[in-house]
Amino acid sequence: MPSRQQQFSDLFPNEPAFRWRQIEQAFFVPTIRSWDGVTSLSKDMRAALAVLPWMTVAADRVMAGASKDTHKALLTLGDGQVIETVLMENARGELTICVSSQVGCAMRCGFCATGRMGLKRSLDADEIIDQYRFWQHFLEDNKHRGGLHSDFSAIPPRISNIVFMGMGEPLANYENVKTALNVLLAQTDLGPTRITVSTVGVLPRLEQMLTDKTWPHVRLAISLHSAIAETRKQIVPTSYDDFLPRLADWARRYLTILGNRRHHLTFEYVMLNGVNDTDDHARALAAFVRSIGNVKCNLIPYNLTDCEFARSEDSRIERFLRILENAEVTATRRRTMGDDIAAACGQLIVLSGKTA
Ligand code: SAH
């Protein structure tokens with residue numbers, strides 16, 4: 001399917017460039033819900049544009065977690081495929097959305113539910129952008145209805161962060177993710193440090209990023225999960241023998257080129273009981289991080305999926321954290337949200353249109 005912008009220029013080849021910008025701006029006004037609402041366009045143009053999708057995603061179902069601080073939406077795409085996207089509210093009423101970049105995923109990490117779907121297809125840029133717009137509409141419609149955790153009657157809800165941690169491997173869909181990032185940065189009030197792309201570590205794309213002038217330097221999180229090659233290969237099947245030294249080499253160059261107070265790298269580390277959570281693993285992670293530099297570690301308690309892994313004990317996670325801290329490695333523990341509606345990291349899966 002050609003992009004909305006492409007379809008627009010096919011329909012109106014002689015329009016000046018600012019016309020599309022006008023339309024794109026209207027896309028991000030949460031109260032405008034159809035072409036007819038774009039009053040900066042002539043009536044005729046609005047009528048002709050009705051053949052283009054105003055939204056490329058439609059809510060099939062929205063589920064709320066028990067404390068209403070997490071919502072998960074099942075979105076149907078134009079071809080009937082279904083993806084999931086998540087909205088999270090922290091204690092200060094700040095809103096983070098978690099977006100998908102593909103339908104399913106080809107990476108097949110052993111602990112991740114999405115991997116079990118296999119890859120159906122990549123999303124196009126419009127479908128990624130429209131997940132943000134979907135949540136804008138949802139927030140607009142729910143701000144006075146008490147469906148959200150915080151009270152938004154005085155200050156309107158505002159999405160303050162976007163994480164590409166939903167279904168899919170964003171760097172396996174590099175061009176569309178890049179286009180979506182550039183539109184989101186241009187049309188929302190979010191700066192590049194408010195957006196995080198999480199990747200299993202697709203090295204050719206990470207390399208490309210270093211010299212790609214049109215790749216916006218949003219934050220990057222690398223799903224490391226082990227600094228011991230054997231273990232990483234076991235749980236992340238796309239890993240290989242020399243992945244770790246090559247990643248370290250890339251990371252040092254990344255930080256030389258882009259590193260500053262606001263730009264660091266994050267290593268994500270899902271804590272799997274008895275697999276990657278021993279003292280030896282903590283020491284290996286600390287040594288690996290210290291060989292690179294400005295990297296923060298984020299420990300993710302394993303969220304249940306139907307696979308053989310189990311979540312590390314809390315005391316294990318605490319001990320692991322202390323080993324990292326003693327080695328002067330900055331580490332945090334990710335708060336688990338939405339696991340009661342299978343909206344937590346790694347729980348997103350759509351099986352023939354139904355959630356598992
Ligand atoms: N493909 C991207 C985005 C994946 S989801 C990536 O690999 O980074 C974001 C994070 O959730 C990743 O770090 C992923 O490894 C982690 N994750 C996957 N399954 C999980 C599970 N069952 N419990 C906790 N975290 C999980």
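Atoms within a ligand are numbered from 1 in the order they appear, just like the ligands themselves.
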Residues which pass ring-ring contact (aromatic ring centres under 6.0 Å, His included) with Trp250, listed by chain and number, not counting sequence neighbours: Tyr254
Check ion pair Lys233-Asp241 (N to O, under 4.0 angstrom): yes
Qualifying residue for side-chain contact (heavy atoms from CB on, under 4.5 Å) with Val103, from Arg121, Met167, Glu127: Arg121
Distance-only donor-acceptor hits, side chain of residues 322-330, under 3.5 Å, sequence neighbours excluded:
residue, atom, partner, partner atom, Å
Asn326, ND2, Arg322, O, 3.3

Starting from the N and O atoms of ligand 1, find every protein N or O within less than 3.5 Å and list the pair with its distance.
residue, atom, partner, partner atom, Å
ligand 1, 1 (N), Gly168, O, 3.0
ligand 1, 1 (N), Glu169, OE1, 3.1
ligand 1, 7 (O), Val200, N, 3.4
ligand 1, 7 (O), Ser223, OG, 3.3
ligand 1, 8 (O), Ser198, OG, 2.6
ligand 1, 8 (O), Thr199, N, 3.3
ligand 1, 8 (O), Ser223, OG, 2.5
ligand 1, 13 (O), Ser223, OG, 2.7
ligand 1, 13 (O), Glu268, OE2, 3.3
ligand 1, 15 (O), His225, NE2, 2.7
ligand 1, 22 (N), Phe111, O, 2.9
ligand 1, 22 (N), Asn303, O, 2.9
ligand 1, 23 (N), Asn303, N, 2.8
ligand 1, 23 (N), Cys345, O, 3.3

ring-ring contact (aromatic ring centres under 6.0 Å, His included) against Phe320, all qualifying residues, sequence neighbours excluded: Tyr269
side-chain contact (heavy atoms from CB on, under 4.5 Å) partner of Phe134, the single match among Val99, Ile129, Val57, Leu139: Val57
